[in-house]
Participant: 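The structure is given below, and queries will be raised subsequently.
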Amino acid sequence: MSAAAQPDITITLPDGKAMTFARGVTAGEVAAAIGPGLAKAALVAEVDGVQWDLFRPIEHDAKLRIITRKDTEALELIRHDMAHVLAMAVQELYPGTQVTIGPAIEDGFYYDFARETPFTPDDLPRIEARMREIIARDLPTRREVWPRDKAIAHFKGMGEAYKAELIEGIPAGEEVSLYWHGDWHDLCRGPHFASTAKIGDAFKLTKIAGAYWRGDSNNAQLQRIYGTAWRDKKELDAYLLRLEEQEKRDHRRIGKELELFTFSPDVGAGLPLWLPNGMVIRQELEFLAVQEERKEGYKRVATPQITKEALFYRSRHLPYYKDDMYAPLDIDGENYYLRPMNCPFHHLVYGATRHSYRELPLRITEYAQDYRYEASGGLSGLMRVRGFCMNDAHIYCRHDQAKDEFVRVMHLHARYYDLMGIKDYYMRFSLPDLNKLEKYVDQPDKWLTAMEIIKEAMKESGYPYVEARGEAAFYGPKVDFMIKSVIGTEYAISTNQLDFLATQTFNLTYIGEDGAEHPVYVIHRAPLGTHERFTAFLTEHYAGAFPVWLAPVQARVVPISEKANAYAEEVRRKLFEAPVVNGTAGLRVDVDLSAERMQKKIRDAQLQKIPYMLVVGEREAAEGKVAVRLRSGKDLGPMALETFIARIKSEAESRTDVAERGLRIAP
RNA sequence: GCCGGCUUAGCUCAGCUGGUAGAGCACCUGAUUUGUAAUCAGGGGGUCACAGGUUCGAGUCCUGUAGCCGGCACCA
């Protein structure tokens, strides 16, 4: 059948303009008809909202949009194409390597390979060079649709067991598309650029890693290669620079530089030692919580960090949580466990006395030290540890109070987050995984009620959230606040759970108006999460330049010469003795009496990100003043010592964050 | 826990294909007494993570253990 015999179709462009083409026209031909510039810039098309290869025929009337490098979708498309080029390069260089999947991800792409010998970092430059060569070959892309069974047989015949398995997962009857780049081909949904040269070469392979097939640790481990790819070299360089800058915020690096915390192999992996500077931050956070929780009517308790196993059997942590607990200690023939959680202890506190409906909600709080036997590979600085202290509390309330209490908890979070300027997070509403019900307590009606209460609370509080299947605790749904570390790992920084199980296992009841016993609801909440993770996050959030109320050293007195040492010490003492209403102690101030020149002293203070430097020489000594310098380098000039004390006191007490951060690195 | 890499002075790092350890900063001492990001000079400091092995000889090669780093899995 000749093209002339085909009925025409109408292609409508985004600006509403309609053009007529022969049926089977390709998007590339349409772009060419619009103009040579567009034809050249075109990467792929969007046909009726579906991404479409430029070389793929269009069979009916359609709305068409040409996607070029400038469009937002371009990056993802480039990265997806790049994954193919990576797979092709690897198969050329390492015959016998099987391909599996290779998606575009944030900032880049990866491809998972099945290969006996793992890749090493030395392989990356070689693979990268081959990728550049493949791109330069400018191989044309071809798309074919195959019957499912033919594709399965084909990939099996090639020894590509994983690809065959992937196709087997495609519903029967659905079409299977294959893409060729020159002689190399892969199963793929597409779309792809018309030829490899269109991808560009603004990319870099970044890391290799093991990754489980289908994300399941029961499956074989594949070899993953990560890369980053951008529109052009400039974007790539900007990204690499951004990574470098991020690394400077890494809490592990700053923690060392500012002497916040340390670890010792003699103590054990994941068991942090808080140094005096880090402890200041932790104490101030605790003090903040003390004050806020007091306003909210919480009651403080203290409970042991170790217990007989009976308690955890009762709470059902054994066996649900056993793998995450340290092995038991044999004490006089009985098993004792270090506690991984505090809930059972608080339940016993609640259960120790009878409760009337009038006294609910009862809010029990504790700074609780816990130990969890976290997988060794997951440990990371203070972000993920095995021994930590939680800002934990449990709210025992009536069913009709649960929603309101949950809302209050959300508002408490908001106060903390506002205070610390934390904006880059999202809330995750975690629900059970319906395919792994064995992970959860089997009480469907209770689950439904609990989820309904949280949903209503979230709706009422107005905070947006995303739902996540499979993240719930075994005893109930939860709402976590998710943040990212500077290296891009996502963590829950705060957590809130609704527990319907505890009331049964611990027989937690209250006496109602009717004189009968009724079950309570339990809300677990840890708005500051663990102090370890929260401090790690704040360190990265502030890049070590903590606001005055959190800064380990709030001001350093810098005498210009030995002649001013006596006055400098007097200034330090006056600051030290100034009463501070809203902090754990007085002002935290020190003096640099070293024999260095003042330039050096300023540099040292600057590198330690101390908010205020108080330069004092003979002039200041004579006038009772201090010359105030901010860590940003800004010089406020001399002011009366009393004026400065008033300023820093008010800043510390109000917990405002006004001191300039001064992130400038030494020239 | 799994895959890969790494571990040299308090910190950051050199140390070629094996021939018995270096720098800068920090620290100590002395000199200097300084006005907003590094004064000069001298000195002390390392069983090269630990345990085995190969070798005439190991920081360099091999094995194991621990810790760390990058991912995966798991999770506050």
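Note on naming: letters A, B, ... go to the chains in the order of the sequence lines (proteins, then strands), and numbering restarts at 1 for each one. The basis for the numbers below is simple: all heavy atoms, side chains too, and nothing from hydrogens, waters or symmetry mates.
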Participant: Polar-atom pairs under 3.5 Å, protein N or O versus N or O of nucleotides 39-42 of chain B: list them with distances, or write none.
Facilitator:
unit_1, atom_1, unit_2, atom_2, d
B:U39, OP1, A:Glu596, OE1, 3.4
B:U39, O4', A:Arg597, NH1, 3.2

Participant: Between the base of B:C74 and the side chain of A:Arg372, is one N or O donor paired with an acceptor at under 3.5 angstrom?
Facilitator: no
Participant: Which nucleotide sits closest to the side chain of A:Thr530: B:C72, B:A76, B:G1?
Facilitator: B:A76
Participant: Which class fits the ring pair A:Tyr475 and A:His524: parallel under 30°, tilted 30 to 60°, perpendicular over 60°?
Facilitator: parallel
Participant: Strictly under 4.0 angstrom, non-hydrogen atoms only: write out the protein contact profile of nucleotides 5-15 of chain B, one letter per nucleotide from the 5' end, B, S or -.
Facilitator: S-----SS---
Participant: As a test of reading the structure: which of B:C74, B:U36, B:G35 is closest to the side chain of A:Asp324, going by heavy atoms?
Facilitator: B:C74
Participant: Any donor-acceptor pair, under 3.5 Å, between the side chain of A:Tyr212 and the base of B:G1, if you only look at N and O atoms?
Facilitator: yes
Participant: Can you pull out the residues from residues 267-279 of chain A that lie within a 4.0 Å heavy-atom distance of RNA chain B?
Facilitator: A:Ala269, A:Gly270
Participant: Take A:Arg597 and A:Arg603 through the test side chain to side chain contact (heavy atoms under 4.5 Å, CB included) and record every step on the way to the result.
Facilitator: CA-CA 10 Å; A:Arg597 295 170 63 189; A:Arg603 180 172 194 273; over 6 Å; no
Participant: Evaluate the ring planes of A:Phe113 and A:Tyr111, with Trp represented by its six-membered ring, and classify them as parallel (under 30°), tilted (30 to 60°) or perpendicular (over 60°).
Facilitator: parallel
Participant: Given the structure, check if the side chain of A:Gln221 and the base of B:G1 hold any donor-acceptor pair shorter than 3.5 Å.
Facilitator: no
Participant: So if I take every side-chain heavy atom of A:Glu374 and compare against B:U36, B:C72, B:A76, which nucleotide ends up nearest?
Facilitator: B:A76
